[in-house]
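Report on the structure given below.
Keep in mind that what you see is a predicted model, and the values were worked out from it rather than measured. Lettering of chains follows the sequences in order, A, B, ..., and the numbering in each one begins at 1.
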Amino acid sequence: MTKPRIVFFGTPEFACTVLQALLDEGHQVVAAVSQPDKPVGRKHQIVSTPVHALAEENGIPVLQPEKLRAEADTILAYDPELVVTCAYGQIVPESILKYPRLGCVNIHPSLLPKYRGGAPIHHAILNGDDRTGVCLMEMVKKMDAGRVFACHEVEIGEDMTGEELDLKLKEESIRIIREELPRYIAGELEGIEQDEEKVVFAPNISREMEQVHFQDEDVNTAYNHIRALIDWPISYGVLEDRRFKFYKARKEIREHDHAPGTVLGFENGAMNIAAKGGIIKIYELQPEGKKRMSADQFANGAGRGLTGKVFE
RNA sequence: CGCGAGGUAGAGCAGCCUGGUAGCUCGUCGGGCCCAUAACCCGGAGGCCGGAGGUUCAAAUCCUCCCCUCGCAA
């Protein structure tokens, strides 16, 4: 039996894992669609999206329309029998959704209907969940709302960072492609409608959401906040009008009398910050305008003298 | 010309405004103390102060240009 002609839609690193898995499994990927390459960084250099780069390496034609709707015909010219998407970043118009004989499926890293949207991995940790997963699902007009064909659960460790969970979910995505996609293609998977009552949205992390507010967040919330955003997009605290990014942290639950946000000092390689109901211990940070460094290095230099100051 | 911070010993920083023997914490090396130590005490090594010009009797410090790093914004 010949493999169906697949057009893949995806943009970031996570989608690359899925694309690579398709290739490793011998699927016939006839084209890749990704968001347009954009200028990035201080020098405004154009950087390829990860999917663009990977597709190019494998000699797969890449399409990067600004507006997908306008280029639908170009994509359909590749005559896909199946569309696979993962973190593409644009709404896929109906003209494409209804074209492939085998339909359009999406790989989504959450336990739908929980965490529809662009940042399901981050939100799972932000909410302190102990499990999440990866779904193979039907694409419909409404974002992440289609029937779920298969779902693999993944445990979230107590101290797991967004980076670590991302890695685990990538591995599970590979299994989904390896084990579930062939069954889908063979028509063996039923598909279960999502319970609309239980929908939870996971919007992209906005600039404002990156800041940790020690005044408003208790120790658990702050800790989940910090570890969820490691190591992208990274959370930060504000102290004396300067931003400090938090790259590595732990929490300690214990009662104390210090005002939330107070820098209690440096101890055993950590900068201790008071929070409601406990202590946030920062082991690695990046002061604004400086390079990323350990709490020890920070304590040896500019960190001294910050004891007693209070994070916003 | 987007805005801003910074480049001083292996690391992190102070000194610069108000020119005049380059200092602190850590690390490192040696010694001491101790049952012992990542603790403590004593001592040493390690710097063309990012680069090039300029001002000056004298420049880490003041002026000009360049290079590099980082934060914000996009």
Side-chain angles (χ1 to χ4, degrees), chain A residues 10-15 33-53 62 64-68 70 87-91 117-119 122 126 161-163 203-217 222-223 225-250 252 254 261-274 279-312:
Chain A
T11 300
E13 195 66 37
F14 197 96
V33 183
S34 191
Q35 291 275 50
D37 296 336
K38 288 190 179 134
V40 163
R42 267 185 292 278
K43 297 191 170 172
H44 277 210
Q45 284 161 340
I46 303 277
V47 176
S48 293
T49 71
V51 164
H52 175 182
V62 181
Q64 298 179 281
E66 194 70 50
K67 291 273 188 186
L68 187 51
Y88 168 54
Q90 278 194 54
I91 298 290
H122 292 128
L126 281 172
T161 63
E163 184 181 29
N204 284 325
I205 306 296
S206 65
R207 302 279 179 203
E208 302 82 65
M209 287 165 73
E210 291 168 15
Q211 184 175 353
V212 178
H213 296 89
F214 288 91
Q215 314 297 329
D216 307 327
E217 302 179 32
Y223 181 58
H225 190 163
I226 292 168
R227 71 190 173 102
L229 271 47
I230 293 171
D231 81 327
W232 188 87
I234 278 296
S235 66
Y236 66 91
V238 176
L239 180 64
E240 308 219 293
D241 291 324
R242 284 209 299 155
R243 290 157 92 119
F244 294 84
K245 292 186 172 184
F246 301 138
Y247 278 91
K248 189 173 178 189
R250 280 291 185 273
E252 185 183 324
R254 76 156 194 257
T262 306
V263 177
L264 302 176
F266 296 85
E267 185 187 27
N268 297 328
M271 173 169 71
N272 292 335
I273 304 173
I279 308 290
I280 293 291
K281 303 168 89 70
I282 302 295
Y283 289 91
E284 222 174 301
L285 70 161
Q286 181 176 23
E288 183 172 328
K290 295 294 184 180
K291 290 192 173 172
R292 178 173 166 176
M293 65 183 80
S294 69
D296 277 334
Q297 290 176 308
F298 186 57
N300 279 337
R304 290 181 299 179
L306 255 46
T307 300
K309 308 287 185 187
V310 181
F311 274 93
E312 288 177 12

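- Remark: A39(B) base-pairs with no nucleotide; criterion is Watson-Crick or G-U wobble with both hydrogen-bond distances under 3.5 Å.
- A donor-acceptor contact shorter than 3.5 Å links the side chain of Asp37(A) to the backbone of Thr49(A).
- Taking the P atom of each, A52(B) and C42(B) are spaced 39 Å apart, rounded to whole Å.
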| query | When every nucleotide of nucleotides 66-74 of chain B is labelled 5' to 3' by its protein contacts under 4.0 Å (heavy atoms), B for base, S for sugar-phosphate only, - for none, what sequence of letters results? | reply | ---SBBBBB
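- In terms of position on RNA chain B, the residue among Gly301(A) and Arg242(A) whose nearest nucleotide sits closer to the 5' end is Arg242(A).
- C1(B) and C62(B): their P atoms are spaced 28 Å apart (whole Å).
- Atom pair Met293(A):CE and G7(B):P shows a separation of 12 Å (rounding to whole Å applied).
- Shown here, U56(B) forms no base pair; nothing in the strands shown gives a Watson-Crick or G-U wobble contact with both key distances under 3.5 Å.
- A side chain to side chain donor-acceptor pair (under 3.5 Å) with Glu284(A) is found for one member of Lys245(A), Gln297(A), Arg292(A), Lys248(A) and no other, namely Arg292(A).
- Figure legend. C65(B) is base-paired to G51(B); pairs are counted as Watson-Crick or G-U wobble with both atom distances under 3.5 Å.
- Remark: side-chain polar atoms of Glu210(A) are not paired, donor with acceptor, to backbone N or O of Pro233(A) under 3.5 angstrom.
- Within the 3.5 Å criterion, the main-chain N or O of Asn204(A) finds no donor-acceptor partner in the side chain of His122(A).
- To the nearest whole angstrom, the two P atoms, one in A74(B) and one in U69(B), are 23 Å apart.
- With rounding to whole Å, Asp241(A) atom CG is found 13 Å from G4(B) atom C1'.
- The CZ atom of Arg304(A) sits 11 Å away from the P atom of G15(B) (whole-angstrom rounding).
- Protein atom CG of Leu306(A) is 12 Å distant from nucleotide atom C1' of C13(B), rounded to whole Å.
- Remark: the separation of the C1' atoms in G12(B) and G53(B) is 32 Å, to the nearest Å.
- With rounding to whole Å, Asn300(A) atom CG is found 10 Å from G12(B) atom P.
- Distance, Arg292(A) CZ to A11(B) C1': 16 Å, rounded to whole Å.
- Applying the salt bridge (Lys or Arg N to Asp or Glu O under 4.0 Å) criterion to Arg254(A), with sequence neighbours excluded, gives Glu252(A).
- The partner of G71(B) is C3(B), by the rule that a Watson-Crick or G-U pair needs both atom distances under 3.5 Å.
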Side-chain donor-acceptor distances from residues 300-312 of chain A under 3.5 Å, at least two apart:
residue   : atom : partner   : partner atom : Å
Arg304(A) : NE   : Asn300(A) : O            : 3.4
Arg304(A) : NE   : Gly301(A) : O            : 3.4

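- G23(B) is paired with C13(B) under the Watson-Crick or G-U wobble criterion, all donor-acceptor distances under 3.5 Å.
- Rounded to an integer number of Å, the gap from CZ of Phe266(A) to C1' of C24(B) is 15 Å.
- In this structure a side-chain-to-backbone donor-acceptor pair under 3.5 Å is missing from Ser235(A) to Gln211(A).
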